[in-house]
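The block underneath contains the structure these notes are about, expressed in structure tokens.
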Amino acid sequence: MAIAATISLPITSPTRRHDSLLRHSSSTRLSVLATPQRTLKYTNPRIVASSSSMSIDAPVKTSTSSFLERKESGFLHFAKYHGLGNDFVLIDNRDSSEPKITAEKAVQLCDRNFGVGADGVIFVLPGINGTDYTMRIFNSDGSEPEMCGNGVRCFAKFVSQLENLHGRHSFTVHTGAGLIVPEIVEDGNVRVDMGEPILKPSDVPTKLPANKDGAVVKAKLDVDGVTWNVTCVSMGNPHCITFSNEESQNLLVDELKLAEIGPKFENHEVFPARTNTEFVQVLSNSHLKMRVWERGAGATLACGTGACATVVAAVLEGRAGRNCTVDLPGGPLLIEWKEEDNHIYMTGSADLVFYGSLPL
């Protein structure tokens with residue numbers, strides 16, 4: 001699959017951000033060759049074509065809007081975004097209720113050696129049931145999750161560019177996990193009303209029985225001969241959260257061999273739909289550190305729904321309060337589980353990496 005890419009970059013660096021979440025993020029975009037004061041060279045090794053015919057075209061006069069409005073037949077135009085390093089190919093699909101590419105094609109796009117490279121492909125489709133838009137996702141393995149927290153922030157920023165929206169604004173999004181309402185705030189970050197957590201075991205789903213107020217909280221789970229203490233939460237997609245096991249009452253998440261243990265949780269028999277798994281270290285009552293193994297994507301740099309589920313689990317286990325900063329490998333998320341409406345609110349960044357096009 002040869003990729004002919006037209007690329008423009010954001011003024012801010014596309015690399016993962018480890019600075020403050022509240023740092024201002026400029027929405028101004030600049031062509032690669034339109035920078036009089038400095039030269040930007042795109043050297044991301046994730047763009048690797050399967051043949052030597054790959055070309056990069058960065059015309060000085062190409063604006064964001066004109067690029068996204070291109071309609072050449074036989075070509076797919078896309079934007080790549082990341083939310084704390086959790087990266088996605090975004091496709092404008094507003095003219096059709098069906099994704100423009102198949103799950104098999106999405107797998108090719110997500111390949112980091114022979115494709116664009118991403119954790120998933122996200123489609124902006126027409127809204128249904130009175131919503132403004134519909135969001136669908138294909139994971140890097142071709143599976144389709146119900147929702148993605150980092151992905152919905154990228155979705156919101158992409159829609160803002162498609163619709164040329166400025167300032168503080170929000171819209172409604174239909175997802176497989178129900179109604180999601182992202183809001184772009186003054187500093188350029190995205191605050192998302194993620195709805196209510198689901199705790200009933202059969203709805204997570206998990207075969208583990210409820211053991212505390214109808215929920216699975218700090219239940220024993222044997223994984224490859226080790227007994228883990230797990231709490232199960234759904235944010236429209238299943239999560240298994242653990243803070244401890246029989247060998248350690250306080251996990252040191254950087255020491256975990258995630259590639260070995262993650263798949264064993266994901267495919268454990270007590271999770272009929274497989275599961276996302278969060279391994280969490282408590283730093284304080286309002287500060288958590290998390291590593292994630294995502295269902296269908298493996299180890300990723302961030303998981304928004306996982307961060308939300310983690311705070312719910314921390315509250316249920318009495319380990320933290322309802323307002324937490326959750327540190328992920330790609331950076332921090334601010335998570336609040338409000339008592340007033342039982343909704344969870346996630347605030348974090350979403351950044352443009354580049355625009356591109358490729359033959360279908």
Side-chain angles (χ1 to χ4, degrees), residues 21 84 146-150 152-153 177-181 191-206 208-221 227-245 248-253 256 265 270-271 275-295 302-329 331-348:
L21 176 63
L84 304 182
E146 299 85 353
M147 227 285 288
C148 173
N150 291 313
V152 78
R153 297 199 315 278
L179 175 66
I180 300 294
V181 184
R191 183 175 188 263
V192 186
D193 179 350
M194 299 288 286
E196 300 185 49
I198 298 167
L199 301 176
K200 185 179 178 181
S202 60
D203 292 338
V204 171
T206 178
L208 290 170
N211 60 356
K212 181 180 178 182
D213 299 326
V216 177
V217 180
K218 207 173 181 180
K220 303 295 183 182
L221 179 66
T227 300
W228 296 76
N229 302 308
V230 303
T231 295
C232 298
V233 179
S234 172
M235 293 301 305
N237 56 349
H239 292 272
C240 171
I241 305 96
T242 180
F243 299 85
S244 63
N245 58 36
S248 174
Q249 290 305 303
N250 294 290
L251 293 181
L252 299 177
V253 294
L256 293 173
F265 273 88
V270 301
F271 303 114
T275 190
N276 302 281
T277 308
E278 286 74 37
F279 301 88
V280 190
Q281 182 175 344
V282 178
L283 302 179
S284 76
N285 189 59
S286 60
H287 195 181
L288 307 173
K289 185 176 184 179
M290 180 189 106
R291 292 180 67 193
V292 60
W293 181 268
E294 289 198 53
R295 178 186 60 167
C303 178
T305 55
C308 294
T310 288
V311 172
V312 172
V315 172
L316 294 177
E317 291 194 22
R319 295 177 180 270
R322 288 176 173 263
N323 279 279
C324 288
T325 297
V326 181
D327 287 341
L328 304 105
L333 287 173
L334 302 182
I335 309 295
E336 179 183 9
W337 184 16
K338 280 193 172 182
E339 287 191 80
E340 295 88 340
D341 58 7
N342 198 38
H343 282 220
I344 302 174
Y345 296 85
M346 170 189 63
T347 303

Check the pair Thr310, Leu288 against side-chain contact (heavy atoms from CB on, under 4.5 Å), reporting the backbone distance first and the verdict last. CA-CA 9 Å; Thr310 288; Leu288 307 173; 3.8 Å; yes

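- When each of Val204, Asp203, Thr275, Leu316 is checked for a side chain to side chain contact (heavy atoms under 4.5 Å, CB included) with Cys232, only Val204 meets the rule.
- Atom CD of residue Glu196 and atom CH2 of residue Trp337 lie 10.0 Å apart, to the nearest 0.5 angstrom.
- With a 4.5 Å cut-off on side-chain heavy atoms, Pro205 and Lys200 do not count as touching.
- Annotation for Val233 and Pro197: closest pair CG1-CB, 4.1 Å, computed over non-hydrogen atoms.
- Summarising the geometry, atom CZ belonging to Phe279 is positioned 10.5 Å from atom CE belonging to Met290; distances are rounded to the nearest 0.5 Å.
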Please step through side-chain contact (heavy atoms from CB on, under 4.5 Å) for the pair Thr206 and Val216, ending with a clear verdict. CA-CA 9 Å; Thr206 178; Val216 177; 4.2 Å; yes

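- A donor-acceptor pair is defined here as one N or O able to donate and one able to accept, closer than 3.5 Å; no such pair exists between the side chain of Thr242 and the backbone of Val230.
- Residue pairs that meet the salt bridge (Lys or Arg N to Asp or Glu O under 4.0 Å) test with at least one member in residues 277-293, sequence neighbours left out, are Asp254-Lys289.
- Across Gly214 and Pro201, no two heavy atoms sit closer than the pair O-CD, 3.3 Å.
- Here the shortest heavy-atom pairing between Asn237 and Met147 reads ND2-O, 3.5 Å.
- Taking CG of Leu221 as the start and OG1 of Thr227 as the end, the distance is 8.5 Å to the nearest 0.5 Å.
- Between Lys212 and Glu317 no salt bridge is recorded (no basic side-chain N to carboxylate O distance below 4.0 Å).
- Side chains of Ser244 and Asn229: a donor on one and an acceptor on the other come within 3.5 Å.
- Side chain of Asp327 to backbone of Pro332: no donor-acceptor contact under 3.5 angstrom is found.
- Here the straight-line distance linking atom CD1 of Ile335 with atom OG1 of Thr347 works out to 7.5 Å at 0.5 Å rounding.
- The backbone N or O of Glu336 lies less than 3.5 Å from no partner atom in the side chain of Asn323, so there is not a single donor-acceptor pair.
- The two residues Leu333 and Gly348 make their nearest non-hydrogen contact at CD2-CA, 3.7 Å.
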Start with the C-alpha distance between His239 and Arg295, add both sets of side-chain angles, then the distance that settles side-chain contact (heavy atoms from CB on, under 4.5 Å), and finish with yes or no. CA-CA 9 Å; His239 292 272; Arg295 178 186 60 167; over 6 Å; no

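- A distance of 10.5 Å separates CG in Leu334 from OG in Ser286, rounded to the nearest 0.5 Å.
- Scanning both residues, Met235 and Ala177, for their nearest heavy atoms gives O-CB, 3.8 Å.
- Counted within 6.0 Å of NZ on Lys338, heavy atoms from surrounding residues, nucleotides or ligands total more than 12; the atom is thus considered enclosed.
- Using a 4.5 Å heavy-atom threshold, the side chains of Arg319 and Lys218 count as touching.
- More than 12 heavy atoms of other shown residues, nucleotides or ligands fall within 6.0 angstrom of atom CG in Asn342.
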Could you check Leu251 against Trp228 for side-chain contact (heavy atoms from CB on, under 4.5 Å), going step by step and ending with a plain yes or no? CA-CA 11 Å; Leu251 293 181; Trp228 296 76; 4.1 Å; yes

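- With values rounded to the nearest 0.5 angstrom, Leu328 atom CG is found 8.0 Å from Cys303 atom SG.
- Although no hydrogens or angles enter the test, the distance criterion places no donor-acceptor pair under 3.5 Å between the side chain of Asn276 and the main chain of Gly306.
- Of all heavy-atom pairs spanning Gly321 and Val315, the tightest one is O-CG2, 3.5 Å.
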